[in-house]
2 protein chains.
Amino acid sequence: MNPLIHELFQKSRFLSQEVNNTLKEYNLFASQWSVLYCIQRHKEMTLTQIWKYLNVEAPTITRTVNRLAELGWIDICSSKDKREKIVKLSEQALQQFPAIKAAMTEFEDRMVDSLSDDEEAQMLELLQKIK
Amino acid sequence: MNPLIHELFQKSRFLSQEVNNTLKEYNLFASQWSVLYCIQRHKEMTLTQIWKYLNVEAPTITRTVNRLAELGWIDICSSKDKREKIVKLSEQALQQFPAIKAAMTEFEDRMVDSLSDDEEAQMLELLQKIK
DNA sequence: AGTATATACTTAACTAGCTAAATAAAATTC
DNA sequence: GAATTTTATTTAGCTAGTTAAGTATATACT
């Protein structure tokens with residue numbers, strides 16, 4: 001295996017685990033947080049908007065959104081277009097959101113702390129070249 | 001989400017999918033190939049050696065190894081130490097191995113083609129700084 | 001209006017990672 | 001040598017991604 005690709009996979013798994021660790025005290029998983037985060041940013045979203053935004057397939061979002069609703073993080077409303085579902089943060093989620101976001105920001109900063117701003121920019125650029 | 005971390009996750013998923021596409025014609029998945037590859041390199045391995053080498057948890061390897069045995073890619077032998085299992089490539093796997101490896105090498109080269117050798121080295125270095 | 005096509009979401013089934021807990025064999029300790 | 005601890009693997013159950021196929025509603029076409 002090409003060492004670069006290998007290392008990229010390793011770091012990706014490492015970072016997922018670290019994200020999960022950070023979110024543990026809020027009883028959230030990484031992908032659940034990413035959905036909450038993007039809903040909050042957009043105030044409300046349809047499932048299609050979410051999976052297109054996060055660049056994953058629709059069934060992944062169906063499942064995660066249902067789980068989040070089950071856990072009380074989001075409310076699912078029906079739309080004028082009866083095919084689609086509109087999703088927004090619950091009261092509980094709105095209340096907890098700032099604390100979780102702060103913890104995540106703190107974590108992310110710590111993760112890239114070993115890189116200078118220059119290196120961070122450089123790496124982003126290099127990653128974007130892979131396609 | 002920090003853009004660097006986000007992009008890293010995106011590329012990791014993208015590359016997994018591409019690896020799976022490449023392996024499709026051999027009826028293999030990425031993680032199955034990574035197990036076959038490391039067994040081939042070591043001639044034979046115990047499960048513990050495999051999961052330590054690949055840096056994943058034991059149950060992941062138990063499952064993948066069983067699937068590979070089921071599909072006829074590997075043979076599972078018992079060891080003097082009756083706790084452990086020794087695993088090696090089947091005849092069929094040994095025969096197909098070179099072609100698959102060639103396809104994967106070709107794919108990997110194509111993937112990092114957009115990076116110069118310098119950039120590739122640089123990126124590897126930057127990735128390794130994240131911990 | 002009625003049919004065909006497109007869109008939104010779901011269901012099922014698979015790979016693939018994880019943790020926690022169980023089992024069995026080996027090694028260590030007293 | 002018996003009891004304890006460690007090691008190797010497994011089982012169960014969760015998140016999280018995928019593809020393929022299904023359902024229901026909207027939209028477009030003739």
Side-chain angles (χ1 to χ4, degrees), chain A residues 8-24 26-36 44-71 73-74 76-87, chain B residues 8-24 26-36 44-71 73-74 76-87:
Chain A
L8 204 148
F9 284 148
Q10 294 282 335
K11 287 307 182 221
S12 175
R13 270 197 309 112
F14 168 72
L15 286 170
S16 301
Q17 282 176 260
E18 292 295 312
V19 171
N20 281 332
N21 275 339
T22 304
L23 291 171
K24 203 169 200 171
Y26 305 101
N27 290 306
L28 277 173
F29 286 90
S31 69
Q32 295 172 340
W33 170 247
S34 72
V35 169
L36 288 184
E44 57 177 49
M45 289 176 102
T46 67
L47 298 209
T48 298
Q49 285 173 330
I50 298 173
W51 65 258
K52 284 190 175 161
Y53 183 82
L54 294 176
N55 196 30
V56 298
E57 298 302 320
T60 306
I61 294 307
T62 294
R63 196 213 281 131
T64 301
V65 157
N66 285 340
R67 189 82 183 101
L68 283 171
E70 216 171 274
L71 295 169
W73 290 98
I74 61 178
I76 301 177
C77 319
S78 53
S79 165
K80 200 184 63 182
D81 181 338
K82 282 179 186 165
R83 289 171 306 179
E84 65 185 19
K85 290 178 170 181
I86 293 171
V87 138
Chain B
L8 205 148
F9 284 148
Q10 294 283 334
K11 286 308 181 217
S12 175
R13 267 194 315 112
F14 168 72
L15 286 171
S16 300
Q17 282 177 261
E18 292 295 311
V19 171
N20 281 332
N21 275 340
T22 305
L23 291 170
K24 203 169 200 173
Y26 305 101
N27 291 305
L28 277 173
F29 287 90
S31 67
Q32 294 172 342
W33 170 249
S34 72
V35 169
L36 288 184
E44 57 177 50
M45 289 177 101
T46 67
L47 298 209
T48 297
Q49 285 174 329
I50 297 173
W51 64 258
K52 285 191 174 160
Y53 182 82
L54 294 177
N55 196 29
V56 298
E57 297 302 320
T60 304
I61 294 306
T62 294
R63 195 213 283 131
T64 301
V65 156
N66 285 340
R67 188 82 181 102
L68 284 170
E70 215 171 275
L71 295 170
W73 290 97
I74 60 178
I76 301 176
C77 320
S78 54
S79 164
K80 200 185 65 185
D81 180 337
K82 283 178 187 167
R83 290 171 305 179
E84 67 185 17
K85 290 178 168 180
I86 292 171
V87 138

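Atom set for the values below is all heavy atoms of this structure, side chains included, hydrogens, waters and symmetry mates excluded. Keep in mind that what you see is a predicted model, and the values were worked out from it rather than measured. Proteins come first, then strands; the chains are lettered A, B, ... in the order of their sequence lines, and each starts at number 1.
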Is the backbone N or O of [Y] less than 3.5 Å from a side-chain atom of [X], with the two atoms forming a donor-acceptor pair by type?
X	Y	value
Ser16(A)	Ser12(A)	yes
Asn20(A)	Ala30(A)	yes
Thr22(B)	Glu18(B)	yes

Using the side-chain heavy atoms of [X], tell me which of these nucleotides is nearest: [options].
X	options	answer
Arg67(B)	dA20(D), dT19(C), dT15(C)	dT15(C)
Lys52(A)	dT10(C), dA16(C), dA8(C)	dA8(C)
Arg63(B)	dA26(D), dA16(C), dA12(C)	dA16(C)
Thr48(A)	dA16(C), dT10(D), dC9(C)	dC9(C)
Val56(A)	dG17(D), dA8(C), dT15(C)	dG17(D)
Arg83(A)	dA24(D), dA16(D), dT19(D)	dA24(D)

Between atom [atom1] in [X] and atom [atom2] in [N], what is the gap in whole Å?
X	N	atom1	atom2	answer
Glu57(B)	dT19(C)	CD	P	5 Å
Asn27(A)	dC14(D)	CG	P	15 Å
Leu23(A)	dA16(D)	CG	P	9 Å
Asn21(B)	dT15(C)	CG	P	16 Å
Leu15(B)	dG17(D)	CG	P	16 Å
Trp51(A)	dC9(C)	CH2	P	9 Å
Leu71(A)	dC14(D)	CG	P	12 Å
Met45(A)	dC9(C)	CE	P	11 Å

*Find which nucleotide of DNA chain D each of Phe29(A) and Gln49(B) is nearest to by heavy atoms, and output the residue with the more 5' nucleotide.*
Gln49(B)
Counting just side-chain N and O atoms, does [X] come under 4.0 Å of either OP1 or OP2 of [N]?
X	N	result
Lys85(A)	dT10(C)	yes
Gln17(A)	dG17(C)	no
Thr60(B)	dC18(C)	yes
Thr46(B)	dA8(D)	no

*With a 3.5 Å cut-off and no angle check, do the side chains of Glu84(A) and Thr46(A) form a donor-acceptor pair?*
no
*Distance, nearest 0.5 Å, that separates CD1 of Ile86(B) from NZ of Lys80(B)*: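 Those atoms lie 10.0 Å apart.
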_Distance, nearest 0.5 Å, that separates CG of Leu8(B) from NZ of Lys11(A)_ = 9.5 Å
*Toward the 5' end of DNA chain C, which comes first, Ser34(B) or Asp81(A), by nearest nucleotide?*
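Nearest-nucleotide comparison on DNA chain C picks Asp81(A).
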_So Thr62(A), base contact, sugar-phosphate only, or nothing? Heavy-atom distance under 4.0 Å._
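The answer is base, as Thr62(A) lies within the cut-off (heavy atoms under 4.0 Å) of a base atom.
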*Remember a base hit wins even if backbone is also touched, and classify Glu84(B) as base, sugar-phosphate or nothing at under 4.0 Å, heavy atoms.*
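Glu84(B): backbone/sugar contact only, no base atoms under 4.0 Å.
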